[in-house]
Engineer: 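This is the structure, below, for whatever I ask next.
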Amino acid sequence: MSERPTPTWYDDAKLGIFVHWGLYSVPGWAVTTGTLADAPQRLGWRVWFRDNPYAEWYANSLKIPGSPTADYHRRTYGTTGYADFVPMFDEAIRSWDPAEWADLFREAGARYVVLTTKHHDGFRLWPSRVPHPTLGDFHPSRDLVGELAGAVRDVGLRFGTYYSGGLDWSVNPRPIEDREDLGKTVIQDPTYVAYADAHWRELIERYDTQILWNDIAYPRRSELRAIVDAFYRRTPEGLVNDRFKDIAPDGTSTHLVPPDLLTPEYTSFATIRADKWEANRGIGYSFGYNRAEDEATFIPVDTLVRFFVDVVSKNGNMLLNVGPRADGSIQDGQLDRVRALGRWLAVNGEAIYGTRPWVVAEGTTDTGLPVRFTRTERALYAILLDRPGAGPHVLPGLRGQPGITASLLGHEQGLPAEPRGDGLVVTLPEAPPDSPAYAIRLEPPPDWAG
């Protein structure tokens with residue numbers, strides 16, 4: 001890990017919005033296999049890649065004989081090639097309004113946005129000065145990167161850029177059919193390396209990106225170290241993620257530059273991490289828009305809020321993905337969850353934004369309710385990850401002083417609280433507001449006696 005201190009803005013932010021949008025949004029389809037956290041272990045990696053639930057991997061899945069995506073494409077589009085989606089995407093984006101996205105992301109309570117400027121299919125969302133090695137202007141008619149960057153900054157959010165550095169199927173069309181294929185398909189050709197390096201420089205210099213969010217790997221003989229050094233000089237509060245890697249043929253990998261943050265996918269950690277990290281996940285099984293997804297595959301609101309709280313309690317941020325259709329519209333099920341998270345944060349944000357991990361992340365009340373802890377200098381927050389009943393609940397291991405005050409965020413009146421030998425007894429009201437999680441503020445912060 002990098003020895004640079006985590007920028008305060010990022011440590012305080014807690015929530016970002018990830019956006020996967022590109023040519024794959026035109027077909028917008030994948031089989032609903034499961035999440036990355038469980039499906040590869042259940043199915044095996046070879047089946048996972050064939051039956052890939054990531055709609056943004058459409059171009060790769062299309063090349064695997066017998067894959068559900070290949071069958072879907074043949075039935076729906078016949079002999080249409082992947083690059084033929086370009087004019088369809090261009091037509092669709094004419095109606096896109098970046099200000100609508102910016103307002104939605106602010107409503108969600110996000111403090112930063114990360115856009116997929118080029119995914120593994122090689123299609124860029126901006127007009128680069130550097131043409132594609134073989135396809136020329138392989139980008140849309142609008143500068144989607146620049147327009148979204150301006151819109152989110154206009155509403156006070158920060159802007160970061162995702163870029164697929166090591167994989168580019170428009171340059172190396174070899175399909176990835178198993179996990180060991182990943183390292184074998186990373187492009188090391190000098191022409192492509194210069195192409196990728198130039199793109200990162202453009203994203204830094206033209207769009208003032210705050211986060212270099214690379215994916216999977218990066219060419220080993222690049223100018224990456226010089227690019228990152230220039231980025232830090234230009235953007236002292238910028239961050240570099242942990243996916244600038246050199247993947248060996250045996251699958252082992254090494255960091256090409258020291259990362260500022262870890263980026264586990266569809267998962268959290270069991271304990272507090274000293275290193276800053278960011279859990280990224282889709283609302284469903286896919287990051288890109290998947291028309292096959294619905295309420296059966298979207299994460300329930302309660303589970304999403306509780307996952308987010310768990311992440312924050314362990315020194316993480318959550319980068320929650322939305323996958324728009326080609327025209328920029330977003331499925332109702334995704335909108336519902338984004339807005340529900342924003343409503344919860346409007347009441348309970350005090351227990352999230354600007355907080356830091358406590359001595360421990362987790363606990364359980366005497367009534368069996370799971371608890372997560374966050375803290376500020378003035379208060380400790382005990383966040384109940386379920387709907388508690390009225391009456392007394394013991395928070396074991398908390399040693400409070402007589403006179404400690406307790407309050408339930410979103411509830412006007414204070415709560416009775418008193419130290420007891422084995423913890424702190426907090427009495428909840430008869431009818432607390434309905435919520436996926438309840439944040440109790442404790443002042444002054446009690447000690448941990450567990």
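Here the structure is a predicted model, which is why all the values come from computation and not from measurement.
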Engineer: Quick one: do the W126 and T117 side chains pair a donor with an acceptor below 3.5 Å?
Structural biologist: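 There is no such pair between these side chains.
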Engineer: Would you call K14-E278 a salt bridge at under 4.0 Å N-O?
Structural biologist: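 A salt bridge is absent here (no side-chain N lies under 4.0 Å from a carboxylate O).
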Engineer: Answer yes or no: is there an ion pair linking R337 with E295, defined by an N-O contact shorter than 4.0 Å?
Structural biologist: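 Yes, this pair counts.
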Engineer: Does the structure place the NZ or CZ of R273 under 6.0 Å from the centre of the six-membered ring of F269, at an angle of no more than 45° from the ring's axis?
Structural biologist: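 Flagged: R273 positioned over aromatic ring of F269.
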Engineer: Is the closest basic N to carboxylate O distance between R46 and E177 below 4.0 Å?
Structural biologist: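 Yes.
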Engineer: Taking the ring of Y195 and the ring of W200, is the distance between their centroids below 6.0 Å?
Structural biologist: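 So the answer is no for these two rings.
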Engineer: Which of these, H132, H120, H119, K118, sits in a side-chain hydrogen bond (donor to acceptor under 3.5 Å, both in side chains) with D168?
Structural biologist: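 Single side-chain hydrogen bond (donor to acceptor under 3.5 Å, both in side chains) partner of D168 among H132, H120, H119, K118: K118.
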Engineer: Quick one: is the NZ or CZ of R281 closer than 6.0 Å to the six-membered ring centre of F307, and within 45° of its axis?
Structural biologist: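 Verdict for F307: a cation-pi partner in R281.
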Engineer: Indicate yes or no: does R306 engage D302 in a salt bridge with an N to O separation below 4.0 Å.
Structural biologist: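 Looking at D302 together with R306, the answer is yes, because their closest N to O distance falls below 4.0 Å.
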Engineer: Determine whether more than 12 heavy atoms belonging to other residues, nucleotides or ligands lie under 6.0 Å from atom CZ of R42.
Structural biologist: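 Result for CZ/R42: enclosed.
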Engineer: Whether D71 and R75 form a salt bridge (side-chain N of Lys/Arg under 4.0 Å from carboxylate O of Asp/Glu) is what I want to check.
Structural biologist: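 Answer for the salt bridge query: no.
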Engineer: Determine, for D90 against R142, whether the closest basic-nitrogen to carboxylate-oxygen distance falls under 4.0 angstrom.
Structural biologist: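 Looking at R142 together with D90, the answer is no, because their closest N to O distance does not fall below 4.0 Å.
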Engineer: Would you mind checking if R201 and E223 are paired as a salt bridge, meaning a charged N to carboxylate O distance below 4.0 Å?
Structural biologist: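 Answer for the salt bridge query: yes.
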Engineer: Do we get R153 above F159's six-membered ring, with its NZ or CZ under 6.0 Å from the centre and within 45° of the axis?
Structural biologist: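 Checked: cation-pi criterion not met.
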Engineer: Assess, by modelled atom type and distance only, whether the side chains of Y82 and D121 contain a donor and an acceptor separated by less than 3.5 Å.
Structural biologist: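 There is such a pair (donor and acceptor under 3.5 Å, judged by atom type) between the side chains of Y82 and D121.
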Engineer: Go through the side-chain N and O atoms of R356 and T376 and say whether any donor and acceptor fall under 3.5 Å apart.
Structural biologist: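 Side chains of R356 and T376: no pair found under 3.5 Å.
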Engineer: Is it the case that T6 and D11 place a side-chain donor and acceptor less than 3.5 Å from each other?
Structural biologist: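 The answer is no; no qualifying pair exists.
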Engineer: Tell me whether the guanidinium CZ or amine NZ of R243 lies under 6.0 angstrom from the six-membered ring centre of Y218 and within 45° of its axis.
Structural biologist: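 Checked: cation-pi criterion not met.
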Engineer: Could you tell me if Y58 and H73 have a donor-acceptor pair between their side chains, going purely by distance under 3.5 Å?
Structural biologist: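 Judged by distance alone, the side chains do pair up.
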Engineer: Between atom CD of Q210 and atom CG of L157, what is the distance when rounded to the nearest 0.5 Å?
Structural biologist: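 It is 12.0 Å, given to the nearest 0.5 Å.
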